[in-house]
Amino acid sequence: MNKLIEELSLEKVGIVLKDEPLANHTTWKIGGPADVFIQPKDLSGLVKAMRIVHKHQLPWRVIGKGSNLLVRDKGIRGVVFKLADGLDHLEFKDDVVHVGAGYSFIRLAVMAGKEGLTGLEFAGGIPGSVGGAVYMNAGAHGSDISRILKSAEVLSEAGEIKTYTNHDMQYRYRHSILQDKGGIVLAAVFQLAHGNRKEIADAMAKYKDRRRLTQPLQLPCCGSVFRNPPHDHSGRLIEESGLKGYRIGDAQVSEKHANFIVNRGKATAADVLALIQHIQKEIAERYQVQLIPEVEVVGEG
Ligand SMILES: Cc1cc2nc3c(=O)[nH]c(=O)nc-3n(C[C@H](O)[C@H](O)[C@H](O)COP(=O)(O)OP(=O)(O)OC[C@H]3O[C@@H](n4cnc5c(N)ncnc54)[C@H](O)[C@@H]3O)c2cc1C
Ligand SMILES: NC(=O)C1=CN([C@@H]2O[C@H](COP(=O)(O)OP(=O)(O)OC[C@H]3O[C@@H](n4cnc5c(N)ncnc54)[C@H](OP(=O)(O)O)[C@@H]3O)[C@@H](O)[C@H]2O)C=CC1
Ligand SMILES: C=C(O[C@H]1[C@H](O)[C@@H](CO)O[C@H](OP(=O)(O)OP(=O)(O)OC[C@H]2O[C@@H](n3ccc(=O)[nH]c3=O)[C@H](O)[C@@H]2O)[C@@H]1NC(C)=O)C(=O)O
């Protein structure tokens, strides 16, 4: 590991940290350490780092803003790449936007609105990176990434950069091909349309108010914990089961939105996982519905 860190430092790939607690990089503020944490300073830093990691045959994972991740308490063995500053270029060309994977998805929505471009209003309250959103097919208010993505640049483990079209992504509800095949989204191109600045701003303000009213935005959380089952809402089922406020350790079913689990202070991943299992058992017994987590659970317990 020390040899790897030495090589990464010599190549000046960006920020390189040993045993970095991932609780510092997830919105749940939960997660054990990554053996090696790399925040590349730019694209060439990422490509160089990937080559070195590949040579050392270490497992790796990429994260964005950690807003859909439950990292187990013993952390992640191998390397974690975090895409943030340095991979965050933004360029509007008529009604098309080219954006780096490390760019904030919320900020992108705000910037597109300022340009008078419509299509990204739904993203106004989704607190992740563009890369995470492309991978997750993030969505809200009746829209999602699949409606606007033209193409994405993806780096494979072998170090090749390929262009994926919208069709290649095989998008479905909160699913993309990347969830099966892996790869690192480097950048995305979105097709928007010219619209009315005021109408765009009004729609975003309306969505923002709705979120403030219905979601526990002030407490550490990861958004919806479970996918919605067909033709229903996990939040409705969990509330109807009387589980709002139910707590294991410092992990609690939000009083505001039953499909959110909030960290009341020092919740561990084990607390959250126990609560997830408890909810799944209650809902299966009561409604014969198997709730499937939307959040990704990674690392060692
Ligand atoms: C308050 C709150 C509200 C939310 N509301 C919504 C909502 O309305 N709709 C919605 O869809 N989600 C919502 N979420 C969940 C979350 O914001 C999205 O899933 C988001 O797209 C995750 O992006 P991220 O950068 O944080 O990804 P991370 O959590 O860091 O990672 C999630 C997954 O994406 C992968 N990934 C991240 N970056 C890349 C990359 N560059 N290349 C390849 N894979 C990558 C990771 O490996 C991981 O598997 C909400 C979360 C919170 C905290
Ligand atoms: N509960 C949790 O665990 C988490 C919740 N969040 C929530 O997500 C939101 C932003 O997250 P953050 O990581 O700070 O994002 P960023 O730092 O990437 O960007 C947020 C910026 O965009 C602005 N903004 C956000 N939404 C809108 C909108 N609909 N219309 C116009 N401007 C908007 C914000 O202004 P302004 O401050 O005025 O809204 C802020 O300046 C916040 O509401 C935050 O509460 C984020 C992470 C974790
Ligand atoms: C937050 C996320 O995405 C959210 C997205 O922000 C919103 C808005 O479009 O719609 C989905 O939530 P949701 O289905 O729970 O939407 P909401 O509008 O909050 O609730 C739906 C229905 O459930 C009911 N509901 C919700 C919460 C609750 O505690 N009790 C309850 O009865 C509501 O009354 C409403 O009738 C996405 N969740 C999923 C899993 O698809 C996320 O993916 O992380």
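Reckoned from all heavy atoms, side chains included, excluding hydrogens, waters and symmetry mates. Quick caveat: nothing in here was measured; it's all calculated off a predicted structure. Read the numbers this way: they start at 1 and go in the same order the structure lists the ligands and their atoms.
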(message) Using a 4.0 Å heavy-atom cut-off, which part of I106 comes near ligand 2: side chain, backbone, both, or neither?
(response)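 For I106, the contact with ligand 2 is made by the side chain alone.
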Ligand 3 contact by [X], heavy-atom criterion under 4.0 angstrom:
{"X": "Q215", "value": "yes"}
{"X": "R211", "value": "yes"}
{"X": "F260", "value": "yes"}

(request) Would you name the heavy atoms of V262 and S254 that are closest together and state the gap between them? (result)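 Scanning both residues completely, I find the closest heavy atoms to be CG1-CB, 4.1 Å.
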Establish whether [atom] and some protein heavy atom are separated by less than 4.0 angstrom.
{"atom": "atom 15 (O) of ligand 3", "value": "yes"}
{"atom": "atom 29 (O) of ligand 3", "value": "yes"}
{"atom": "atom 12 (P) of ligand 2", "value": "no"}

(request) Among all protein heavy atoms, pick the one closest to atom 27 (O) of ligand 1 and tell me residue, atom and distance. (result)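 Answer for atom 27 (O) of ligand 1: G132 CA, 3.8 Å.
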(request) Carefully, step by step, assess H89 and Y103 under the rule ring-ring contact (aromatic ring centres under 6.0 Å, His included). (result) CA-CA 7 Å; H89 63 274; Y103 202 88; 8.8 Å; no
(message) Is the distance from the ring center of F122 to that of H141 below 6.0 Å?
(response) no
(message) Counting only heavy atoms, tell me which of G142, G235, S224, S254 gets closest to atom 42 (C) of ligand 3.
(response) S224
(message) When you compare ligand 1 with E296, is there at least one nitrogen or oxygen pair between them that comes in under 3.5 angstrom?
(response) yes
(message) Distance under 4.0 Å to a non-hydrogen atom of Y173: what atoms of ligand 3 satisfy this?
(response) 39 (C), 40 (C), 41 (O)
